[in-house]
Each structure stands twice: as C-alpha cells, then as structure tokens.
Number of protein chains: 2
Amino acid sequence: MSLRSDPDPLADALLRPVRAGNAFEETLARLLQAIRLGLAAPGERLPPERDLAARLGVSRVTLREALHALQEAGYVESRRGRYGGTFVRSLRPTHPTPPAPAFAADVEDVITLRHVLETGAAEAAASRSLDPTTRRHLRTRLAECTGAGVADYRRRDARLHLAVAAAAAAPSLTAAVADLRARLDALLDAIPPIGANIEHSDHQHRAVIDAILDGDPQAARAEMAEHLAGTATLLRGFLT
Amino acid sequence: MSLRSDPDPLADALLRPVRAGNAFEETLARLLQAIRLGLAAPGERLPPERDLAARLGVSRVTLREALHALQEAGYVESRRGRYGGTFVRSLRPTHPTPPAPAFAADVEDVITLRHVLETGAAEAAASRSLDPTTRRHLRTRLAECTGAGVADYRRRDARLHLAVAAAAAAPSLTAAVADLRARLDALLDAIPPIGANIEHSDHQHRAVIDAILDGDPQAARAEMAEHLAGTATLLRGFLT
DNA sequence: CCCCAAAGGATCAGCACGAGCCCATTGGCA
DNA sequence: TGCCAATGGGCTCGTGCTGATCCTTTGGGG
C-alpha cells in the first residue's frame, strides 16, 4: 500500500469532474451571478425565458425551475402578458445566501488564479487599440465605482473588473474572469464587510484604467497587481 | 428593430452555455486529451473504470461508452481479469482526428488566453518556493523535450507546459491550462507540422525553466512570453 | 491446485432533462 | 372595442444518464 493519496497535479487537472453539478444548480448559479453583477439593474427585465434558455443551453423547464427558486428567494419577480417578463427586484433578497465555509486551499487557489487572470487581462487590454465604445465603457464603470456606497460597492467593483476583462477582447478570458468572480464573491461573503479602504481602491482603479486607456501594458499590469494584493491580504487575514 | 446582434461582452460571458456538450462527448474529449498528454504512457494502464468514472463525475456506463469509442479509434485496448485494465496502445490511432476548421476569432481567443494563463503561470511558479519533487518534475519534462523528435514533440511540449502550470500550485490554473491546451492542439492539428524550430523552442524552454527554478518571476514571465509569441505567429500565419 | 480478489462486461429501473406544444395573460394598436 | 403579438405557465413524451447489481475473466497466493 502506498501512503500517498494521489498528489499528481496532472492527473487531477485532466481527470477532474466533467460536470460541476446538475443543470438546475448550474443554471441557478449563473443567473444569481448575472443578477449580482447587474446584468439587469433593479427594476429592469431579464431576457425572455425562451432567449435565456437558448443562451444558457438549457431547456426552458430547467430555466424556469431556477427562476422560480430565485423568485422564492426574493431576487426576481415575474409578470405575464405582453411587455411582461422577469424583473429584478430592487429590494435585497429575503433569504440572503448563507456564507459557505471557506477552505484555505481554495482561498489560495482563487488568489493565484485571480492574479494571473486579472493582471493578464489588464495587460492585454492595454496592449490593444480600444474602440471608442470600450473606452467609454471603462470610464463609465470607473465612475460608477467612485460614487458607490458600502452597500453597492462590490457589485460595481465586479462590473469594473469584468469590463477590464472584456476590453481584452478574448471571450474565454472574460468568461474565466466572470467564473472566478463568482468564487471570489462567495469568499467575500464569508468575511465582515469592510468599508474603510474603498477610497484606496478607487485610486487604484483609476490608475489601472488610466494605464489601459493610455496603452501602457506594464503599468496596467503593475497597478492591477497592487490592487489585487489588497484583497488577497484581506482574504488571507480572515480566512486562514 | 435594432440591427445590433447583441455585442454585449458582459451578457455573453454571463449567459454563455451551461454545458459544453453531453456527458459522453465531454468524457471522450477528456480521455482523449489525457491520452494525448500522456497521462499514461503507451503500454501503460489507465485507472480502473470505477475510479475513472468517479473522478470524472460520470456514470460507469457513460465512461465505458467513451472508452469503447477510443478503443474503436485505436487509442486504447482493454483486457479483462485481475491485473487487466484499459491500456494505451503504442501505435498511432487508425482514424486520426480530422482537423476541424478554425475560425479567426477563436485563434485570437486562444492566443490571448494562452499568453495570459501561461505567462501568469510561469511568473506564479517562479514566485513560489518549489519543493524538490516539483523541481525534479520540471527538469525531467524539460529533458524529455530536448530529446524528442518531430513525431512526439507536441506531446512532450504539452507536458512541460502543464508541469509549469502545476508548479504554480493552483489547481484551477492547472485545469485552465489543460483545457486551453486541448483547444490549442485542435488548432495545431489544422496546420502542417513544422519541425524547423524545435531547437529554438528548446532554448526558450530551458530559459523559462531556469528562470522558474532560480525564482525569478520577471524573467520567467518574459521568457515564456517570448516563447509563446513564436507559436502565436505560426498560428496567425496559417489560420488567418 | 483451487480459491479469490480485481478488473472489465452487461443489464435494468428510475429519474433528470430536453423538445415541442398549447394555454393564460396582458397591453398596444388598428 | 376587439384583435393580436409577446410573454410567462404548464403539460407530455422521449431519451440520455445514473446507480445498482450481477456476470465473466484472469492471474497470484495459500
């Protein structure tokens, strides 16, 4: 008998589970994340069920199960008839997501992956010649963060970081950052809300966006790295 | 009617398909990639079906369908009885995978994502204090590349790059690099085999690994970036 | 020499999911 | 005022997938 429990990282990467869960769970997670990131602002309407189901590659039955769950949790509200639809509720959910226990290994995984993905995205975005729409998007998201209170800061921060990833114009990279953000949010849910360093974050955000808009990849990477280091320290501190 | 076909990268990232395909297809793809990367060397045995099914999070029936497909394609061979199992065949498959048509957008996506992930992984690996096993692994993989012919170069190259990712000790990052490699291999299948610059690649590989083993993150990143640029140019040239 | 553990091979019931279809509701528009 | 298009609500049927159970093969050890 060997005592090793199989510490082969290659095998672990290659033979990891093919599915993260059942269709319902994954759909629910996606929708939740989409709402958290403000794909539709409070009061706004989500795409019609038929469109959503098609985009998520899931049957309408499954999608509706997920929507019902969200409705019961108080995230959305459905209205029938023409010009009806599923609307995001403005009030916070009645059953806030209970913070899941965080494992140290997962924390380090998220921190490392985030550093790699997001500094890389910032660099890539700064390396491209951005079209006016993208430039405006970045400025808008930055401005939204600057004016945010503690309550809404995380959502706007997420949108800004997503915008940076999107500016790199690599769909897979954007998707990876979105997925990662979901994991990061789950970790952040488990630590007390800190409002102290929002101002500090805002300065860093501005520096990142300026470097990207100026087309300075090195600076964009460096500023993003410094920014991420703050969150990393926070996570390590609370979730040892 | 608006003419825009929905160019919202945030929505695209958040509402992308929940499943890449059915369980059989995904299982087949995983096994194929595992074999291509030499999870088990030719003549060696894959894990027992029950273990494999558990690790892939798939029923044994589905796993066996995938294994049968691989068997018919000539990749593996099954033997019954104790000390039996599913063995990787040494001969090349009878039905080589037909190269899929490559789309320019996908090529740029892979190139960008690869730059981000793999330069990031190299930097992260160089930033850690690597344990002796990992250091030896890196040296071994490097040596394997140096001695490879045209036929086997790609597999060994893939293993080296995977080893670098694994050295970063972030499972998600390793998984992401493995997934990316599958997409990259699909693109490389569509271009004629080039044997000319293997020597050049080997020098770059050595520089990357040296930087990692020396604990020099900047150098590791820079060397990896230069190395990846070569493949990127190759891909852009053949798959415009 | 025989038994048994470990592997692949096969089958079945049950459920989750998808595709398609129709119904119910609503507000704008002719 | 009535029609109609667009939306959510609900149903059924087919099937892919799972979990369990049992069978078959094979080689090593008692």
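In what follows, chains are A, B, ... by sequence order, proteins preceding strands, each numbered from 1.
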For [X], which contact category applies under a 4.0 Å heavy-atom criterion: base, sugar-phosphate, or nothing?
X      : value
R45(A) : sugar-phosphate
R79(A) : sugar-phosphate
R60(A) : base

message: Students often mix this up, so state it plainly: with edges at 30° and 60°, are the rings of H161(B) and H205(B) parallel, tilted or perpendicular?
response: perpendicular

query: Which residue lies toward the 5' end of DNA chain C, T86(B) or R82(B), if each is placed at its nearest nucleotide?
result: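 Nearer the 5' end of the strand: R82(B).
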
5' priority, DNA chain C, between G81(A) and S59(A) [closest heavy atom]: S59(A)

Given atom [atom1] of [X] and atom [atom2] of [N], what is their separation to the nearest angstrom?
X      : N       : atom1 : atom2 : answer
E72(A) : dG9(D)  : CD    : P     : 12 Å
L56(A) : dA19(C) : CG    : P     : 13 Å
D51(B) : dA6(C)  : CG    : C1'   : 11 Å
Y83(B) : dG27(D) : OH    : C1'   : 7 Å
F87(B) : dG8(C)  : CZ    : P     : 9 Å
E49(B) : dT25(D) : CD    : P     : 16 Å
E25(B) : dG18(C) : CD    : C1'   : 15 Å
E65(A) : dG10(D) : CD    : P     : 12 Å

task: Find which nucleotide of DNA chain D each of V61(B) and R50(B) is nearest to by heavy atoms, and output the residue with the more 5' nucleotide.
output: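 Its nearest nucleotide lies further toward 5', so the answer is V61(B).
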
task: Using heavy atoms to find the nearest nucleotide of DNA chain D for R19(A) and H68(A) separately, return the residue whose nucleotide is more 5′.
output: H68(A)

task: Decide yes or no, distance alone: a donor-acceptor N/O pair under 3.5 angstrom between the base of dT24(D) and the side-chain of R80(B).
output: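 Yes.
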
task: Look at the side chain of R64(B) and the base of dG8(C), then say whether one donor and one acceptor between them are separated by less than 3.5 Å.
output: no

message: Treating R156(B) as the side-chain partner and Y153(B) as the backbone partner, does any N or O pair qualify as donor plus acceptor under 3.5 Å?
response: no

query: Between R79(A) and T86(A), is any side-chain donor less than 3.5 angstrom from a side-chain acceptor?
result: no

- prompt: Going by atom types only, do S172(A) and R183(B) share a side-chain donor-acceptor pair under 3.5 Å?
  reply: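 A donor-acceptor contact under 3.5 Å links the two side chains.
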
- prompt: What residue among R141(A), R36(A), R181(A) forms salt bridge (charged side-chain N to carboxylate O under 4.0 Å, His left out) with D157(A)?
  reply: R181(A)

- prompt: Looking at T62(A), does any N or O in its side chain come under 4.0 Å of the phosphate oxygens OP1/OP2 on dG18(C)?
  reply: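 Checking dG18(C) against T62(A), a side-chain N or O does come within under 4.0 Å of OP1 or OP2.
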
